[in-house]
Amino acid sequence: MTAKILDGNAAARHIRGQLRERVDALKARGVTPGLAVIVAGDNPASKVYVSNKAKACAEAGLHSEVHAIDGGSPERAVLTTLEKLNRDPRIHGIIVQLPLPRGLNAERIMQSIAVEKDVDGFNWRNLGALVGGHPSFSPCTPLGVMELLDRAGAALEGRHAVVVGRSNIVGKPLALMLIARGATVTVCNSKTPDLGGVTRRADILVAAAGKPGLIDAAMVKPGAVVIDVGINRLPQGGIVGDVEFASVKEVASLITPVPGGVGPMTVAMLIANTVTAAERAVTSRAA
Ligand code: GUN
């Protein structure tokens, strides 16, 4: 079997087109959805992601602004910027690009984003709402994975989903979303003993461990749906996921490529969350 390839670029383009109508409706009411991105330090990968986010905002008709903070700045510099953005009526969504430079406490910083502007969904209140089954803003990468699965028509109820990776921004929230849809979910990580024995039982296998080549063809059940969340930069240049794409695509029924799979979906979901935040701001203003 050769897997069908799930094209994240095409899906993201389609979603941005759908969002355009909601953006136009907001603009007709005098509101341009606005996203602020804080990037601290000079991580080259973060700079690329942030410029991709700004470009996608422009394409979807959103206002966006990037606040670059020197890597040597104290945490207070980030918090002061956040306080201003929390009060700024032109800004509906705020994200702080991760990873943060050493010395900055990501947890404390994420908790300082106003909950109604937390379009990354990293605030405990938003994560708690997801745990409780009443999601408000949910993290963008797992949302993008769910959107890709739905667009591919992948059945979730009664299926066994295995998530390799346990981060707060991907593995854990994705497991909650899959549970909410009736999947039987196993969460493991790169150090799980006999990882292949676990992954081979997956109808839906999501690799989000950040380890190039972690999943090979022998670890995949024939016909499984394989979603690769990994974005690993190789020392010799180029980007690969956590899945050995060439061999696994001969075993899986559906597979996402890297690049061009989950990555563009994360950005599309960020824009969707920002548009939702702007719609809620308009509704609460009118109430
Ligand atoms: N770094 C890697 N992924 C993400 C994400 O989804 N949001 C933020 N803020 N930083 C990231």
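We use all heavy atoms of the structure for the numbers below, so side chains are in, but hydrogens, waters and symmetry mates are not. What you see is a predicted model, and the numbers here were worked out from it, not measured in a lab. Order of listing sets the numbers, starting from 1, for every ligand and every atom in it.
With a 4.5 Å cut-off on side-chain heavy atoms, Ile239 and Val258 count as touching. Proximity of Asp120 to Leu98: side-chain heavy atoms (C-beta onward) are nowhere separated by under 4.5 Å.
When all heavy atoms of Ser46 and Pro99 are compared, the pair lying nearest together is OG-CD, 4.0 Å.
Residue pairs meeting the side-chain hydrogen bond (donor to acceptor under 3.5 Å, both in side chains) criterion with at least one member in residues 69-84, sequence neighbours excluded, are Glu75-Arg108. Every pair tested for salt bridge (charged side-chain N to carboxylate O under 4.0 Å, His left out) that includes a residue from residues 125-135 fails, sequence neighbours excluded, so the list is empty.
Ligand 1 is surrounded by Val96, Gln97, Leu98, Asp120, Phe122, Ile169, each with at least one heavy atom closer than 4.0 Å.
Listed by chain and number, the hydrophobic cluster partners of Leu270 are Leu35, Val37, Val39, Val50, Val66, Ile95, Val119, Phe137, where partners are ILVMFWY side chains within reach of under 4.5 Å, directly or through others.
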